[in-house]
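Before any comments, here is the structure.
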Amino acid sequence: MNEIITKEINTSSHAVELQPEPVCARAPVGLLAELTHRCPLQCPYCSNPLELERTNIELSTAEWQDVMRQAADLGILQIHLSGGEPTARKDLEQIVETAAKAGLYQNLITAGVLLTKERLQKLADLGLDHVQLSIQDVDPENADRIAAYKGGSAKKREVARWVKDLGLPLTINAPMHRQNIHSMKAIIDYSVEVGAGRLEVAHIQYYAWALKNRAALMPTLEDFQRTAEIVEEAKERLKGILVIDFVVPDYYAKYPKPCMGGWGRGVMNVTPSGRVLPCHAAESLPGFTFDNVRDRKLADIWLNGDAFQKYRGTSWMKEPCQSCPRKEKDYGGCRCQAFALTGDATNTDPACSLSPMHQDWAKVAALESHTRPPEFVYRRMGKGGTTPHMSEG
Ligand code: SF4
Ligand code: FES
């Protein structure tokens, strides 16, 4: 389609027949394994789809273990164990053990509230490499309100201590929006206090649940600018102590992010039931059929799957992206956001100042961020479905 086919991908134990068409020049670096959509939290910006997958269609232990082995064979280096809440899977230990034996670097992305010290110790013993702990705020009352979960803050602090006691690297992940943006400085202080080596502060991107809650989540330009200054000062002051990854809100950006590092370029996402996606929100796009690891090998899906080919590279782009010198830097931004905001996934992401729709959306952002925020629509209220209950699995 657009790039040069590779012979480097190791398909030794899971042989696939490569199509004659050129597909992709390299193996993915990472795989996001959404082990389950079950979660005790109900965050209004959840990036899971509006239709959550139920427990009875989740991949079995053996199927996830096979995914781990196939991922290693494909050349993937990092596995992100995610959800929902991945610790809701009772077989997490078996999956971690298999991934470790396959030589994969494993990052557990967790809200922490279901963990015990003994379980974390066991996971570390079996080969877990890194923990990414999400927080909603450092103010416990506000954090509980955002996640619709009581008592989460105290538990998360405890989990952070266990992670450090076990000698595992810790990242704090703090999704940022207008209802916690006032805590920016306190979140940085908290991250240092609990011994995190990295803090990820990503402003919310608007698709799935976040799009439903956009008016409740949109920060003002002035608040964003204030936090950007706080982050710049902290980055300098905390050199060698804390790395801060700061992802600016799209509506106030000049250029978009290369979402997922570019479609089908570096990351695969496997849903709880085994569907393989180029990004976690790809199911929000129309006209796709997604391959499943139950029917097709991971390497084959990566190389030849229709969904991965669709927006890989740059040949699918329209103007202004097609003739833009940045097109191989940001790959036109986010397909899912472009679709959610413009109705056409091949449009330039409106986060880009060169998009004809950028000014309109910047006006929407200005208006919504200065209007009294509406109540959150929590994740449990998804159209056509409810959050799978924790007692199911
Ligand atoms: Fe990126 Fe397209 Fe904007 Fe150019 S026009 S900066 S390629 S999103
Ligand atoms: Fe799907 Fe950005 S989330 S391309």
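Just so it is clear, the values below take in all heavy atoms, side chains as well, and ignore hydrogens, waters and symmetry mates. In each ligand, atom 1 is the first atom listed, and ligand 1 is the first ligand listed.
For atom 7 (S) of ligand 1, the closest non-hydrogen atom on the protein side is Asp330 OD1, 3.3 Å. Nearest protein neighbour of atom 4 (S) of ligand 2, counting heavy atoms only, is Arg335 N, 3.4 Å. The closest protein non-hydrogen atom to atom 2 (Fe) of ligand 1 is Cys321 SG, 2.3 Å.
A salt bridge is absent between Asp306 and Lys310: the closest approach of a Lys/Arg side-chain nitrogen to an acidic carboxylate oxygen does not fall below 4.0 angstrom.
Those atoms of ligand 2 that come under 4.0 Å of a heavy atom in Cys336, given as number and element, are 1 (Fe), 3 (S), 4 (S). Atoms of ligand 1 found under 4.0 Å from any heavy atom of Arg326 (numbered from 1 in listed order, with element): 6 (S), 7 (S). Listed by number with element, the atoms of ligand 1 under 4.0 angstrom from any heavy atom of Lys327 are 7 (S). Residue Cys279 approaches ligand 2 through these ligand atoms, each under 4.0 Å from one of its heavy atoms: 1 (Fe), 3 (S), 4 (S). The contact set between ligand 1 and Tyr255, taken as ligand atoms under 4.0 Å from a residue heavy atom, comprises 6 (S).
Proximity of Cys352 to ligand 1, defined as any heavy-atom pair under 4.0 Å, is confined to the side chain (atoms from C-beta onward). If you look at Pro256 next to ligand 1, the close heavy atoms, those under 4.0 Å, all belong to the side chain.
Between the CG atom of Leu303 and the CG atom of Leu74 there is a distance of 7.0 Å, given to the nearest 0.5 Å.
Side-chain atoms of Ile76 and Trp302, non-hydrogen and from C-beta on, never get closer than 4.5 Å to each other.
Residue Lys122 qualifies as open at atom NZ: its count of foreign heavy atoms under 6.0 Å is 12 or below.
For the pair Met260 and ligand 2, no heavy-atom separation below 4.0 Å is found.
Distance alone, capped at 3.5 Å, is enough to place a donor-acceptor pair between the Ser60 side chain and the Glu63 backbone. A donor-acceptor pair is defined here as one N or O able to donate and one able to accept, closer than 3.5 Å; no such pair exists between the side chain of Gln106 and the backbone of Asp129.
Taking backbone and side chain together, Cys259 holds an N, O or S atom under 2.8 Å from atom 2 (Fe) of ligand 2. Residue Cys334 counts as close to atom 2 (Fe) of ligand 2, with an N, O or S atom under 2.8 Å. Under 2.8 Å from atom 2 (Fe) of ligand 1 lies no N/O/S atom of Cys324, from backbone or side chain alike.
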Chi angles and distances behind the side chain to side chain contact (heavy atoms under 4.5 Å, CB included) call for Glu93, Leu123: CA-CA 6 Å; Glu93 287 81 348; Leu123 292 169; 3.9 Å; yes
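Counted by atom type alone, Thr110 and Glu85 present one or more donor-acceptor pairs between their side chains at under 3.5 Å.
Taking the six-membered ring for Trp and thresholds of 30 and 60 degrees, Phe376 and Tyr378 have ring planes more than 60 degrees apart, a perpendicular arrangement.
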